Amino acid sequence: MRLVVVGHGMVGSRFVEDLLAADHAGKYEVTVLGAEACEPYNRVLLSEVVAGAYDLAALTLPTPAHPRLTVRRGSAAVSLDREDRVVVDSDGLRHRYDQLVLATGAVARIPPLAGLGTDPRSLVPGVHALRTIDDAREIVAATCNATSAVVLGAGVLGLEVACGLARRGCEVTVVHPAPAMMERQLDGAASHALEGAMSRLGIAHRVGVGADGVRIERGRLRGVHLAGGEVLPADLLVVATGTVVDTSLASAAGLPTGRGVLVGADLASPADRRVFAIGDCAQPPEGGTGLVAQGWEQARRLAAALTAGTGEAVAGPPVPAVPTAVPTAVPTAGTSASGTDVVRLKAHGLDVVAMGVCGSARPDDPALRSLRLSDPGAGRHVEVVVSGDRLVGATCVGAGQVAADLVAAYTRRTPLPADPAHLLLPTLAPARSHTSAADPASLPDDATVCRCNGVSKGAITRAVRDGAQSLDEVARGTRATTGCGGCTDDVCALVDALAPHRVRSEPVKTV
């Protein structure tokens, strides 16, 4: 059976890997069309490349060498004929399919600013998005000569980039039009604490004011005009204002789309049961989180279904619907027990973790109880949201170990103390010497350590006992740490505890 996969990014490549591993009957001949000319790579860690914590080569994801797999790198899909069941690529080649999987992802959103343009492929010199490996390479090169940088957007990516640029010696100002930074995860009080932490890092910020244009002199960026009239000098501008789902191929072929390609619980298009969509480009009934863990779970389910010969996805753990009034990255009180909605800021010098019910657009539910401790002067803010005896949300700024404990309680869904205020008290205590609930060595074997890939402590333990002696070997055997990277320190600590006599793990690869 001929299967064509459009998209060779994090989700498309994972789907192909899962499918071929499960296709013991040799049912599928797979053709992959990838618009980028390189191997698939971990897009989540591009900001770490800007920060100098990872080399570009360290981001590469594995592509299986398989006799029934053909990967066409640098060949984008340009048209889809559903009646003839043919995909035409940018080289003019026609690829016939029996089943088609769309994993086209998303592209950087460029806001309509005077003098900027809206096409991320043709921005003026000095202006960059950060969506591809080429973008990261160009930003790193630009820092060699740039002295003043502006980052447009204070979401997760924008703040990570800002800290990375500051580490490379740039004077950085973050501009964000919303009243709170990371507003999907933080409310005003949490944002205020984060602003204080940024100031101590020497990163300036303009919150609640947007940009309305750029100043170009002799064909290069020289400044950014703010809505209030201020002009920020800048010879480097990084646009981190979100993404736009790539539905162009599906729409042109007559498939129903909304924010993404509409699919059912089986990930198939209701208009064509031979066409499936996964990852950022898909709009399933429960909504999209924008997190790679959801796309990887979809890839796993679809691969299992297709290799089982059903043509329909195997139902996984139910994911609650996201109300239309709430941004898709903000879960509600019925959040997934897997903890795949935990957001951790990978920014050197800023410690922010949020999960479950959080942010400025949280639901007004009388069944939810919120407790908080906020100290903006110290750059510290902790809030927990409780439903009954369970933690259903938390926001932590500048509270590292407390955040780790709350993540453990949230993902393991452990019963809380009779008085939830006890969850906040460790924030005020000095560094603790006792073993916390988040200590990897104290976790039960079924506890999830790598949430992106659903890797348990037991799986890591088995990998070490089977001979894995380094972080890279554990990652190859289990996929732990290959998602957002937020679990790297925990995996290193766990491997060190399991194999104390070996050479210690190195959590990052520096350039």
Side-chain angles (χ1 to χ4, degrees), residues 9-11 13-24 39-46 48-49 53-66 69 291-293 295-297 299-300 303-304 307 316 338-340 342 344 346 404 407-408 411-412 435-511:
M10 294 182 72
V11 174
S13 62
R14 173 63 63 87
F15 166 74
V16 171
E17 185 180 355
D18 287 347
L19 180 91
L20 292 174
D23 187 15
H24 304 296
E39 294 281 349
Y41 54 89
N42 190 331
R43 199 182 306 275
V44 178
L45 296 179
L46 288 175
E48 292 281 75
V49 172
Y54 279 82
D55 187 272
L56 285 169
L59 273 58
T60 301
L61 298 174
T63 298
H66 200 284
L69 171 64
L291 302 177
V292 71
W296 279 350
E297 171 62 14
R300 181 198 66 79
T307 53
S338 67
T340 55
V342 175
R344 188 187 306 271
K346 302 184 300 300
V407 170
T411 56
R412 293 165 59 186
T435 299
S436 75
D439 182 357
S442 72
L443 297 174
D445 280 349
D446 62 351
T448 300
V449 177
C450 175
R451 288 176 293 277
C452 291
N453 290 287
V455 182
S456 67
K457 176 191 174 184
I460 296 171
T461 301
R462 288 190 294 274
V464 173
R465 288 174 178 170
D466 289 343
Q469 291 292 300
S470 69
L471 180 64
D472 285 345
E473 290 173 355
V474 170
R476 283 196 295 271
T478 66
R479 290 177 173 166
T481 75
T482 62
C484 72
C487 65
T488 300
D489 289 342
D490 287 344
V491 175
C492 285
L494 182 55
V495 176
D496 288 339
L498 293 169
H501 302 299
R502 64 174 186 81
V503 177
R504 289 182 59 83
S505 298
E506 293 295 333
V508 297
K509 299 178 179 179
T510 57
V511 293

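Remember, it's a predicted structure, so these values are computed and weren't measured experimentally.
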CD (Glu17) and CZ (Arg300) are apart, to the nearest 0.5 Å, by 14.0 Å

Between Ala299 and Val11 the two heavy atoms that sit nearest each other are CB-O, 4.1 Å

On a heavy-atom basis, the closest approach of Ala459 and Val455 is CB-CG1, 3.9 Å

side-chain contact (heavy atoms from CB on, under 4.5 Å) between Leu46 and Tyr41: does it pass, once the steps are laid out? CA-CA 9 Å; Leu46 288 175; Tyr41 54 89; 4.3 Å; yes

Scanning both residues in full, the closest heavy-atom pair of Leu69 with Pro64 reads CD2-O, 3.3 Å

Working note: Leu45 + Lys346, criterion side-chain contact (heavy atoms from CB on, under 4.5 Å); need CA distance, chi angles, decisive distance, verdict.
CA-CA 9 Å; Leu45 296 179; Lys346 302 184 300 300; 3.9 Å; yes

Tightest non-hydrogen contact, residues Val449 and Cys487, listed as O-CB, 3.4 Å

To the nearest 0.5 Å, atom CG of Leu59 lies from atom CD of Glu48 at 9.0 Å

Here the gap from Asp445 atom CG to Thr461 atom OG1, rounded to the nearest 0.5 Å, amounts to 5.5 Å

With sequence neighbours left out, the residues meeting side-chain hydrogen bond (donor to acceptor under 3.5 Å, both in side chains) with Thr482 are Asn453

- Query: side-chain contact (heavy atoms from CB on, under 4.5 Å) between Thr411 and Thr448: does it pass, once the steps are laid out?
  - Reply: CA-CA 8 Å; Thr411 56; Thr448 300; 5.7 Å; no

Residues Arg344 and Asp490 bridged, charged N to O under 4.0 Å = no

d(Asp23 CG, His66 NE2) to nearest 0.5 Å is 7.0 Å

Interatomic distance, OG1@Thr478 vs CG@Asp466, rounded to 0.5 Å, equals 11.5 Å

Thr63 meets the side-chain hydrogen bond (donor to acceptor under 3.5 Å, both in side chains) criterion, sequence neighbours left out, with Glu39

Between Cys450 and Arg479, the two heavy atoms sitting closest are SG-O, 4.3 Å

Residues Ile460 and Val495: closest non-hydrogen pair is CG2-CG2, 4.1 Å

